[in-house]
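In what follows, chains are A, B, ... by sequence order, proteins preceding strands, each numbered from 1.
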Amino acid sequence: MSSSLSTRYSHKEMESRWYAQWEAGGYFRPASDSKGKKSGDRRYVIVIPPPNVTGILHMGHALNNSIQDIMIRWHRMKGDDTLWVPGVDHAGIATQNVVEKKLAKNKQTRDHLGRKKFLEEVWKWKEDHGSTITRQLRRLGASCDWSRERFTMDEGLSLAVRECFVTLHERGLIYRGNYIINWCPRCQTALSDEEAAHKDVHGGLYHIKYPIAGAGKKAERIGVDHIVIATTRPETMLGDVAVAIHPGDGRYRGLVGKKLILPLLEREIPIIEDEFVDPEFGTGMVKVTPAHDPNDFEMGKRHDLPQINVMHVDGKINSHGGPYSGLDRFEARKKVVKDLEDQGLFIKRDTHLHAVGHCYRCDTIVEPYLSKQWFVRMKPLAEKALAAHRAGKTVFYPDRWTKVYTNWLENIRDWCISRQIWWGHQIPVWYCGQCRKGDEDDSQKGIVVSRETPQKCPECGNSELVQDPDVLDTWFSSWLWPFSTLGWPEKTEDLKHFYPTSDLITAPEIIFFWVARMIMAGLEFMQEVPFNRIYLHGTVRAQSGLKMSKSLGNAIDPLEVIDGVGADALRFSLVMLSAQDVYLSTEKFDMGRNFTNKIWNASRFVLMNLEGFKEGATTLDVDRDQLPISCRWILSAYEAKAKQADQYLSSGFYLAQAASELYHFIWNDFCDWFIELAKPALAGEDASEKLMAQKVLFCVLEKILCLLHPFMPFVTEEIWQKLREMAKDGETWPKSLMLASWPEPTGYRDVETERHFMGLQDAVGAVRDLRAKFNIPPSQEVSAVLKASGAAGEMFKVFSPCVERLGKVKLEIKSDFERTKAYVGNSFADFEIFMSIEGLVDADKEKERIEKKIQETVKWVTVLNKKLSNDNFVRNAPKDVIDKEKEKLVEAEKILKSYQEHLRLI
RNA sequence: GGGCGGUUAGCUCAGUUGGUUAGAGCACUACCUUGACAUGGUAGGGGUCACAGGUUCGAAUCCUGUACCGCCCACCA
């Protein structure tokens with residue numbers, strides 16, 4: 001292998017090569033695993049938010065997994081016992097839809113095949129396509145422990161689901177009953193409240209006359225022969241069993257107890273009173289349809305009204321709908337309205353904006369539908385989660401999500417967990433054909449809830465047992481994920497060592513679906529929260545502001561981006577943008593691409609200049625005082641930025657800020673300034689000067705690669721390996737940068753040098769500025785006078801070669817110099833620089849500004865002095881507050897002095 | 001109806017505890033085909049930090065209110 005880098009950065013081959021080597025080396029597995037014992041006090045464990053098995057990697061995944069991989073790689077380098085468990089969920093409804101669609105191409109349906117055959121088809125599909133997304137995660141560079149990969153339909157996880165269901169049932173937290181649930185007529189299954197996404201729809205508010213029964217004399221007495229109700233779903237009137245008014249509504253006094261004739265079906269229904277009715281809305285009269293509206297359902301129970309279900313599972317009207325039977329719900333709506341019109345009972349249709357539930361898988365409008373389903377009683381679970389929150393066990397980043405989370409828990413409703421599909425965990429409940437008279441039987445008799453498949457009915461001994469055909473909500477397996485993936489309900493070593501995990505990193509969209517439920521399950525089954533910190537990163541959106549999705553056609557495929565600019569560029573760009581929601585367009589990846597290229601070329605330069613260099617070491621063995629200012633400065637700047645980046649990562653998921661810190665250090669400090677300043681030494685005659693520059697370049701580059709590795713694993717590994725070959729002690733280095741140690745503080749921080757260097761930068765900038773302003777070609781050497789006295793003067797005597805080189809200028813340093821009209825110049829805090837060309841410098845404006853600032857600062861100093869000489873304050877304030885005030889005073893005086901100095905120079 | 005977030009350069013956005021001249025990337029202008037890099041370099045133009053009040057010696061930053069945009073939650077038919 002050559003120790004130099006090719007002129008162009010090509011990522012493709014490199015990415016697959018390194019990924020394969022890392023995985024083969026077993027570097028993704030936790031350290032405790034390979035040593036055969038559970039070790040290390042410091043663990044870092046995360047579980048992947050399981051992507052949908054039907055899914056392909058989209059930008060949301062790319063961002064989420066980039067962040068996770070950064071955290072994992074960072075902790076691994078810090079020496080933590082690190083575990084990242086990958087896996088996918090079976091996505092019951094989505095997967096079944098995909099397979100059904102495939103069957104439909106061959107004119108087949110699942111009913112033709114039968115349950116067993118159909119499930120075989122799904123498993124076959126899973127074998128063929130189910131690993132797409134995990135393959136794609138590998139391309140992103142995700143360093144998951146693939147040997148622990150899990151699938152929610154695995155044997156172990158299925159066992160966990162059964163254990164969970166049966167245990168909850170034993171604890172009285174699972175029940176079955178007839179309730180209004182969200183029903184998707186297209187998927188033909190029940191949905192949970194979270195799966196019915198409310199969207200605002202401009203619908204109609206239809207006003208309909210209901211005639212009062214036996215009009216005639218009664219009508220005369222009341223003065224009306226009909227009442228008017230308003231509804232958004234006229235077709236549901238077929239299931240009306242009453243009309244309700246508010247008890248205090250004076251307008252309808254005397255009507256209560258009267259009967260109405262339900263139009264179209266000519267059924268007699270009563271007028272009732274109920275507190276629920278809002279007299280202000282519509283006409284103040286509500287039709288009551290207990291089988292098709294959750295409020296009406298409750299009202300029906302209060303008044304002991306019948307429930308008339310008028311719809312089939314596919315959304316078509318059933319035989320209760322009389323003449324409308326067989327029509328789809330929306331066709332029925334049209335026909336109902338038309339018939340009412342014909343009978344003179346239709347008054348008007350107002351447009352009305354209201355929220356309508358849509359199936360989150362197929363976007364069909366869901367129907368509130370009465371059916372028999374299994375539910376989890378959530379309140380007791382939520383209370384435990386709230387208690388854990390009060391105990392400070394769940395911390396959200398950013399903090400604002402805490403309230404969203406607790407609000408939801410405080411208003412939690414029971415969770416409908418049964419789904420009328422086939423792909424999923426079949427409910428572990430069996431019904432005895434002997435003891436029960438069929439599904440209408442509401443007794444508990446002959447219902448067997450069991451971990452093991454029962455052979456016979458425990459009550460009558462009959463073997464005629466039929467398992468509940470429904471399966472469980474996919475989230476009913478996902479909510480066990482943090483411990484089911486570690487082996488639960490078995491008491492495994494993994495579970496003992498790795499639970500609870502450290503962080504959960506996910507998108508805010510699934511805070512209710514998944515995050516909250518995992519916490520509840522963790523507390524219920526493990527008696528401990530599943531993770532301590534929860535980081536909810538931004539949502540990836542298209543430039544338009546809409547959520548990126550394939551169906552909207554506004555998605556950017558991360559795989560295409562990886563093909564084009566590489567996984568490193570993709571990761572870095574995404575993370576740089578992730579301080580809030582990420583609005584993407586393809587150009588945004590240029591930043592990452594350009595940066596990768598910059599690193600590549602800077603490294604190429606360093607390596608070229610290190611030919612034959614066999615001195616490299618991870619620690620600098622040069623006495624700091626012997627180093628030239630540029631070296632002292634870059635080492636110090638490195639120290640400052642590394643510390644800052646580390647703090648950003650440690651203190652609460654400030655990944656974007658950490659990335660930005662590194663970006664600017666590398667590009668501006670290392671490349672633009674340090675490399676430029678190192679060039680003369682590298683090209684010069686002085687061997688020891690050259691060696692020093694080489695050592696510093698080598699050392700800083702090596703550390704940069706370490707810091708950057710979590711963000712851009714591939715390029716950094718490639719370059720680092722070259723350094724490893726070059727280093728004298730290279731054999732003692734780890735085999736991969738992945739296993740290298742996160743850099744410790746070097747102790748090279750030198751604030752004074754940094755300050756001096758800023759002066760140097762200002763001087764060079766000033767010369768370049770004057771050059772540009774007066775159109776002096778870069779090739780032309782110019783001369784300038786640098787006026788500085790005291791410490792600054794001494795300083796510039798040392799720096800002048802640097803300034804002269806970078807500014808292409810011949811400097812004359814003077815402690816005293818009067819500028820005449822023949823000179824132009826730039827002024828700084830402790831020096832001025834002049835060139836003998838006519839021009840302009842606007843001193844008046846600057847003077848005014850500084851004078852104002854001085855006034856302010858003088859006041860500030862006065863205030864602080866007053867405060868600190870106030871006995872009361874000094875006696876009573878806490879010590880750290882006083883210290884802080886004192887520090888402020890020092891700072892204020894410093895600032896004031898620098899202003900005054902500046903003013904004097906103007 | 002409730003809650004949350006945003007409003008900073010032409011565009012996309014940083015700006016953690018109030019403090020020296022509000023930053024970056026892209027775009028723009030001028031110059032530079034300098035042996036790491038044109039996916040580059042140097043310099044420059046461009047901002048009353050949405051608006052109105054308030055607190056402070058000092059506010060993009062803290063408080064109050066307004067406007068507009070976005071998101072989430074919600075059983076008024």
Here the distance between atom P of U17(B) and atom OH of Y654(A), to the nearest Å, is 9 Å

With a 6.0 Å cut-off on the ring centroids, do Y397(A) and Y535(A) count as close? no

Answer yes or no: does a side-chain N or O of H354(A) lie under 4.0 Å from OP1 or OP2 of C75(B)? no

Choose from G40(B), A74(B), U39(B) the nucleotide whose nearest atom is closest to any side-chain atom of R593(A). U39(B)

Would you indicate what K679(A) reaches in the nucleic acid, counting non-hydrogen atoms under 4.0 angstrom: base, sugar-phosphate, or nothing? base

Aromatic ring proximity, centroids under 6.0 angstrom, Y360(A) and F513(A): yes

Just call it for K403(A): base, sugar-phosphate, or nothing, with non-hydrogen atoms closer than 4.0 Å on any strand. sugar-phosphate

Starting at CE of M591(A) and ending at P of C37(B), how long is that distance when rounded to a whole Å? 24 Å

What about the rings of W401(A) and F396(A), do their centers lie closer together than 6.0 Å? no

What's the closest nucleotide to the side chain of R400(A) if the choices are C57(B), G5(B), A77(B)? G5(B)

Classify Q657(A) by what it touches in the nucleic acid, base, sugar-phosphate, or nothing, heavy-atom distance under 4.0 Å. sugar-phosphate

Tell me the interatomic distance from K866(A), atom NZ, to U56(B), atom C1', rounded to whole angstroms. 14 Å

Considering only atom C1', compute the distance from U7(B) to G15(B) and round it to an integer number of Å. 15 Å

Check every strand shown and say whether F297(A) touches a base, only sugar-phosphate, or nothing at a heavy-atom separation below 4.0 Å. nothing

Under 3.5 Å, is there any donor-acceptor pair linking the side chain of E676(A) to the base of A36(B)? yes

Measuring from the side chain of H664(A) (C-beta onward, heavy atoms only), which nucleotide among A36(B), A24(B), C73(B) has the closest atom? A24(B)

Check: F670(A) and I634(A) side chains under 4.5 Å, non-hydrogen atoms: yes

Who is the Watson-Crick or G-U wobble partner of G1(B), with both distances under 3.5 Å? C73(B)

Have a look at E298(A) and say if it touches a base, only the backbone sugar-phosphate, or nothing, with a 4.0 Å heavy-atom cut-off. nothing

So V277(A), base contact, sugar-phosphate only, or nothing? Heavy-atom distance under 4.0 Å. base

State which of A36(B), U39(B), A77(B) makes the closest approach to the side chain of T231(A). A77(B)

Watson-Crick or G-U wobble partner of C57(B), both distances under 3.5 Å: G19(B)

Given A74(B), A36(B), G19(B), which nucleotide is nearest the side-chain atoms of R413(A)? A74(B)

May I ask you to evaluate whether W667(A) reaches the phosphate of C37(B), defined as a side-chain N or O under 4.0 Å from OP1 or OP2? no

Taking atom P in both C62(B) and U29(B), compute the distance separating them and give it to the nearest angstrom. 38 Å

Assign each of G282(A) and A196(A) to its nearest nucleotide of RNA chain B by heavy atoms, then name whichever residue's nucleotide is nearer the 5' end. A196(A)

Nucleotide nearest D278(A) (side chain, heavy atoms from C-beta), chosen from U39(B), A77(B), A74(B): A77(B)

Nucleotide A59(B), atom P - distance to CD of E856(A) in whole Å: 7 Å

May I ask you to check whether Y179(A) and D414(A) show a side-chain donor-acceptor distance below 3.5 Å? no

Using a heavy-atom cut-off of 4.0 Å across all strands, would you classify G357(A) as base, sugar-phosphate, or nothing? nothing

Checking all strands, does Y663(A) fall into the base, sugar-phosphate, or nothing category for heavy-atom contacts under 4.0 angstrom? sugar-phosphate

NA contact type, H207(A), heavy-atom cut-off 4.0 Å: base, sugar-phosphate, or nothing? nothing

Between G18(B) and U34(B), how far apart are the two C1' atoms, rounded to whole Å? 46 Å

Regarding K679(A) and the six-membered ring of F605(A), is the cationic atom NZ or CZ under 6.0 Å from the ring centre and inside 45° of its axis? yes

Counting Watson-Crick and G-U wobble pairs only, both distances under 3.5 Å, name the nucleotide matched with C68(B), or none. G6(B)

Answer with base, sugar-phosphate or nothing: what part of the nucleic acid does N407(A) contact at a heavy-atom distance below 4.0 Å? nothing

Taking the same atom, C1', in G45(B) and in A9(B), what whole-Å distance lies between them? 11 Å

Over how many whole Å does the gap from D200(A) atom CG to C71(B) atom P extend? 11 Å

Spacing between E587(A) atom CD and C13(B) atom P, to the nearest angstrom: 12 Å

Interatomic distance at P, G6(B) relative to G44(B), whole Å: 33 Å

Say we look at A27(B) and G46(B): how far apart would their C1' atoms be, to the nearest angstrom? 12 Å

N or O in side chain of N295(A) less than 4.0 angstrom from C76(B) OP1/OP2: no

How many whole angstroms separate atom NZ of K588(A) from atom P of A27(B)? 14 Å

Using a 4.0 Å heavy-atom cut-off, does A355(A) contact any base of the nucleic acid, only the sugar-phosphate backbone, or nothing at all? base

Most 5' of F605(A) and L864(A) on RNA chain B, judged by nearest nucleotide: L864(A)

For nucleotides U12(B) and G53(B), find the distance between their P atoms and express it as a whole number of Å. 28 Å

Have T596(A) and D568(A) got a donor and an acceptor in their side chains that come within less than 3.5 Å? no

From the options C57(B), A74(B), A36(B), select the nucleotide whose nearest atom is closest to the side chain of R604(A). A36(B)

Answer yes or no as to whether G19(B) has its base stacked against W860(A), where stacking requires a ring-centre separation under 5.5 angstrom and planes under 30 degrees apart. yes

Could you please name the partner base of A27(B), counting Watson-Crick and G-U wobble pairs only when both distances are under 3.5 Å? none

For G40(B), the nucleotide meeting Watson-Crick or G-U wobble distances (both under 3.5 Å) is C32(B)

Would you say L205(A) and T351(A) make side-chain contact, with heavy atoms under 4.5 Å? no

K287(A)-T236(A) side chain donor-acceptor pair, cut-off 3.5 Å: yes

Rounded to the Å, how far apart are K888(A) NZ and G58(B) P? 14 Å

Pick the C1' atom in A22(B) and in C49(B), then give their distance to the nearest Å. 8 Å

Among A43(B), A36(B), C57(B), which nucleotide has an atom closest to any side-chain atom of R768(A)? A43(B)

Go through the steps for R233(A) and D293(A) under the test salt bridge (charged side-chain N to carboxylate O under 4.0 Å, His left out), then give the verdict. CA-CA 10 Å; R233(A) 293 182 296 152; D293(A) 184 283; 3.8 Å; yes

